[in-house]
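Take a look at the structure below.
One-based numbering, in listed order, for ligands and for the atoms of each. A quick note: this is a predicted structure, and the numbers were derived from the prediction, not measured.
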Amino acid sequence: MARPVIIDCDPGHDDALAIMLAAGDPAVDLLAITTVAGNQTLAKTTLNARRVCTVAGIRDVPVAAGCDRPLIEPLRVAAEVHGESGLDGPRFPEPTVPAAPEHAVELMHRILTEHPEPVTLVPTAPLTNIALLLTRYPEVAPRIREIVLMGGSTERGNTTPAAEFNVHVDPEAADVVFRSGVPLTMCGLNVTHQALATPEVLARLEALGTPLGSLCVELLTFFTARYRRVFGFAAPPVHDPVAVARVIDPGIVHCVPAPVAVELHGTQTRGATVVDLHGVLGRPVNAQVAVTLETELFWDRLIAAVDTLGRRLRD
Ligand code: BDR
Ligand code: CA
């Protein structure tokens with residue numbers, strides 16, 4: 001049976017693909033898409049979520065805007081990676097999918113309260129909305145089946161030498177989430193850097209022969225150029241769909257249990273995830289930490305989801 005899921009995102013090229021994977025894969029029942037400030041301002045990430053839903057024909061899923069800044073610090077966006085719009089590359093039509101009138105946190109609270117089954121949250125952005133949900137409505141925690149997030153790293157960062165973007169933008173929010181006691185899976189850079197959109201992947205998307213497949217190629221072409229320029233990568237890592245893939249089939253993303261803490265006070269390391277893979281500190285395990293991606297299964301599933309959405313639009 002399909003698993004009820006809410007995606008909390010900041011589209012973002014890889015968030016766009018995460019939305020398509022969640023909406024197009026039969027293992028997921030996508031209940032809502034909530035947005036937060038991160039890769040770009042809240043106004044832009046919300047517009048982008050509506051754009052993605054419009055071009056992918058996702059019409060029955062509410063899109064709700066959440067927090068427009070981190071809990072403590074001013075927002076730091078990632079225009080160098082995602083462009084001024086947050087989703088540079090393709091030319092998008094005027095979105096026809098509206099934004100819901102509810103705040104993202106209220107929508108999540110309502111769905112968690114009303115849905116007959118516990119719901120999985122998939123944050124692919126700074127954790128501001130999720131932290132606010134857990135602090136404002138702690139009673140909904142048992143209604144969350146698990147949080148499967150893209151963020152952090154067992155190794156180095158991408159925003160500072162030590163910190164990954166989603167955690168670095170709002171470390172206090174990440175700290176709330178990692179200490180919440182809700183079952184948690186962390187898909188960090190160490191695993192998402194295995195999800196590289198190579199020229200072969202782009203060719204497979206183009207070969208789908210749908211406007212949506214071609215739009216994904218345009219997104220990934222922009223992403224490739226930016227990752228080459230900023231990080232020297234030959235092919236860009238599509239981080240966010242990895243978290244969705246873990247929900248779809250745990251066999252695609254292998255994890256190990258480990259204690260994870262968020263560094264809040266380091267002068268050089270604020271926003272780092274300190275992952276005690278060998279348990280040397282003797283602290284309790286609070287997360288499943290993703291370590292290995294079954295790359296072929298991952299791309300098969302992502303491309304199949306884009307195909308499903310593209311055909312649905314055509315037929
Ligand atoms: C994360 O940061 C964002 O730029 C991406 O969308 C992804 O969620 C990778 O560090
Ligand atoms: Ca993201």
Side-chain angles (χ1 to χ4, degrees), residues 6-22 33-42 44-49 51-52 63 65-67 70 75-89 104 121-130 147-171 173-174 177 185-197 216 219-220 222-227 229-231 233 235-246 253 262 271-273 290 293 302:
I6 299 173
I7 289 200
D8 185 63
C9 59
D10 61 343
H13 295 70
D14 50 336
D15 301 83
L17 292 171
I19 291 171
M20 291 182 216
L21 177 57
I33 298 165
T34 53
T35 58
V36 68
N39 283 325
Q40 264 298 349
T41 61
L42 180 68
K44 291 181 184 180
T45 59
T46 306
L47 175 64
N48 290 342
R51 283 174 163 159
V52 171
V63 176
C67 298
L75 176 64
R76 174 211 193 282
V77 300
E80 69 283 8
V81 177
H82 298 276
E84 274 314 310
S85 73
L87 208 48
D88 277 12
L121 304 183
V122 182
T124 63
L127 289 154
T128 323
N129 286 344
I130 310 297
I147 297 174
V148 182
L149 63 89
M150 190 283 133
S153 178
T154 61
E155 299 159 0
R156 307 275 288 172
N158 60 359
T159 303
T160 73
E164 181 278 330
F165 179 80
N166 290 339
V167 178
H168 184 256
V169 168
D170 198 341
V177 172
T185 298
M186 172 181 127
C187 300
L189 297 177
N190 56 292
V191 73
T192 65
H193 283 183
Q194 298 167 41
L196 300 173
C216 290
L219 281 172
L220 288 170
F222 180 89
F223 211 40
T224 301
R226 286 305 172 98
Y227 253 87
R229 189 164 98 190
V230 177
F231 297 109
F233 278 48
V238 296
H239 309 276
D240 296 336
V242 173
V244 179
R246 168 71 189 181
V253 185
V262 177
T273 43
L293 181 72
L302 182 47

Would you say ligand 1 has an N or O under 3.5 Å from any N or O of H82?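 There is such a contact, yes.
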Side chain, backbone, both or neither: N158 near ligand 1, heavy atoms under 4.0 Å: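 Within the 4.0 Å criterion, N158 contacts ligand 1 through side-chain atoms alone.
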Between [X] and [Y], is there a donor-acceptor pair closer than 3.5 Å when you use the side chain of the first and the backbone of the second?
X    : Y    : value
H13  : C216 : no
T159 : F165 : yes
N190 : T154 : yes

May I ask whether D240 has any heavy atom positioned less than 4.0 angstrom from an atom of ligand 1? yes
Tell me which protein heavy atom sits closest to [atom], plus the residue, atom name and distance to 0.1 Å.
atom                   : answer
atom 2 (O) of ligand 1 : F165 CD2, 3.4 Å
atom 1 (C) of ligand 1 : E164 OE2, 3.3 Å
atom 3 (C) of ligand 1 : N39 OD1, 3.1 Å

Taking just the N, O or S atoms of D240, which one is nearest to the Ca ion (ligand 2)? OD2
For the atoms OD1 of D10 and O of T124, give the angle they form at the Ca ion (ligand 2), rounded to 10 degrees. 90°
How many angstroms lie between CD in E164 and CE in M150, if you round to the nearest 0.5 Å? 4.0 Å
